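For reference, the structure is listed below as structure tokens.
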2 protein chains.
Amino acid sequence: MKNQDFINKLRNSGLRPTKQRIKICEALFNTEKTFHFTVNDLAKMMQKNFNEKISLATVYNTLHAFKKKGYVKEISLGNDKSYFDTNISSHHHFFDTKTNELIDIDSSKVELKNIPNPPKGKSIKDIDIVINVENDSQ
Amino acid sequence: MKNQDFINKLRNSGLRPTKQRIKICEALFNTEKTFHFTVNDLAKMMQKNFNEKISLATVYNTLHAFKKKGYVKEISLGNDKSYFDTNISSHHHFFDTKTNELIDIDSSKVELKNIPNPPKGKSIKDIDIVINVENDSQ
DNA sequence: AATTTACTTTATAATTAGTCTAAAGTAGAA
DNA sequence: TTCTACTTTAGACTAATTATAAAGTAAATT
């Protein structure tokens, strides 16, 4: 993907293509595989791999904007910090509660048997399944 | 349940029955229905309904101790604060992302079709299913 | 092209959940 | 009763995140 593609992508969804947003797009979407990261991970990555010092507040802003536009997903864990995922397809996660490692579960590998009716007046937005794992104590 | 029962319960699981712990037991387990709460909720509740000013640190300590003993469950949400649940049976939750309201799902109402094998060397501790809901926009 | 406007970024301050600490208190054993 | 280990406490501290207000910039307007 070229820069111009990211510029179009941003513009098409109503986000101004600023230098920072384009760079973050590169970092997130010019990759072979999807990946998980925290806000801090991304801020550091921008500095190290992209020589781009972006204010933390901007990284938060951008990620929340990208999340709203569906470019990334936020992952719900019982953790103090929040994780983002560039894999936006419907899928769930293993979470290693000791190492804080997140691992994708292929969506075909897990499915709900019967989805209960939501409380009256409410409708389902999405479903998060987290399978907490731990290293076998040998 | 009488105070003495809580004292026994605590002692049996190796926790000293201190005044604070007994009071918290009363607040959590002398209820008709199970319920969800945050650490802050509980601290305020102790003060208001039980006239018992308990240091926040103690509330944290106590809840973590109770969690380790299986008296309460901690619920993983994509939220910044953590929720506890006096319903310790295996069950999952609706979560209203707008109001932060948590609603139990009867465990019989939802089930995984096939649980994927955990990554090599790891084993499953538990599974959290959160169904995010929102009020219908009418 | 210059001007204007609204949206963005930035550094920093503020907020918030949660943990740590060290001193004072207390349950239970001796 | 005394001692010891476990608890509680207030308050300092940490880390994640949000708010703020000024400076910068994209894009619309002239």
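Only this structure's heavy atoms are used, side chains among them; waters, hydrogens and symmetry mates stay out. Keep in mind that this is a model prediction, so the values were computed, not measured. Naming convention: chains lettered A, B, ... in sequence-line order (proteins, then strands); numbering from 1 in each chain.
Pairs passing the ring-ring contact (aromatic ring centres under 6.0 Å, His included) check and including a residue from residues 48-82 of chain B, sequence neighbours excluded, read B:Phe66-B:Tyr71.
Mapping B:Leu15 and B:Lys53 onto DNA chain D by nearest heavy atom places B:Leu15 closer to the 5' end of the strand. Where B:Glu52 and A:Arg11 each meet DNA chain D at their nearest nucleotide, the meeting point lying more 5' is that of B:Glu52. Along DNA chain C, the nucleotide nearest to A:Arg16 and the one nearest to B:Ile7 differ in position, and the one closer to the 5' end is contacted by A:Arg16.
Taking CG of B:Asp41 as the reference point, atom NZ of B:Lys81 lies at 7.5 Å (rounded to 0.5 Å).
Within residues 17-27 of chain B, the residues that have a heavy atom under 4.0 Å from DNA chain D are, in order of number, B:Thr18, B:Gln20, B:Arg21.
Listed by chain and residue number, A:Ile7, A:Asn8 satisfy the side-chain contact (heavy atoms from CB on, under 4.5 Å) test with A:Gln4 (two or more places apart in sequence, or in another chain).
Of all nucleotides in DNA chain D, those with any atom nearer than 4.0 Å to a heavy atom of chain A start and finish, going 5' to 3', at D:dA16 to D:dA27.
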Please list, one pair per line, the donor and acceptor atoms closer than 3.5 Å that link side chains of residues 87-95 of chain A to other protein atoms, with sequence neighbours excluded.
| from | atom 1 | to | atom 2 | distance (Å) |
| --- | --- | --- | --- | --- |
| A:Asn87 | OD1 | A:Ser89 | N | 3.0 |
| A:Asn87 | OD1 | A:Ser89 | OG | 2.8 |
| A:Asn87 | ND2 | A:Asp104 | OD2 | 3.0 |
| A:His91 | ND1 | A:Ser89 | O | 2.5 |
| A:His91 | NE2 | A:Asp85 | OD2 | 2.9 |
| A:His91 | NE2 | A:His93 | NE2 | 3.1 |
| A:His91 | NE2 | A:Asp104 | OD1 | 3.3 |
| A:His92 | ND1 | A:Ile129 | N | 3.1 |
| A:His93 | NE2 | A:His36 | NE2 | 3.4 |
| A:His93 | NE2 | A:Asp85 | OD2 | 3.0 |
| A:His93 | NE2 | A:Asp104 | OD1 | 3.1 |

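Between the side chain of B:Thr86 and the main chain of B:Phe35, a donor-acceptor pair closer than 3.5 Å is present. Listed for the B:Thr58 side chain is no donor-acceptor partner under 3.5 Å among the backbone atoms of B:Ile54.
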Extract from the structure each pairing of a protein N or O with an N or O of nucleotides 17-19 of chain C at less than 3.5 Å, listing the distance.
| from | atom 1 | to | atom 2 | distance (Å) |
| --- | --- | --- | --- | --- |
| C:dG18 | OP1 | B:Ser82 | N | 3.0 |
| C:dG18 | OP2 | B:Tyr60 | OH | 2.9 |
| C:dG18 | O5' | B:Tyr60 | OH | 3.3 |

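Annotation for B:Leu10 and B:Pro17: closest pair CD1-CA, 3.8 Å, computed over non-hydrogen atoms.
A cation-pi geometry, defined here as NZ or CZ lying under 6.0 Å from the six-membered ring centre and within 45° of its normal, does not hold between B:Lys44 and B:Phe37.
Clustering ILVMFWY residues whenever any of their side-chain heavy atoms sit less than 4.5 angstrom apart, transitively, puts B:Ile115 in a cluster other than the one holding B:Val130.
Rounded to an integer number of Å, the gap from CG of B:Asn61 to P of C:dC20 is 10 Å.
By the 6.0 Å contact criterion, NZ on B:Lys69 is enclosed, its count of non-hydrogen atoms from other residues, nucleotides or ligands being greater than 12.
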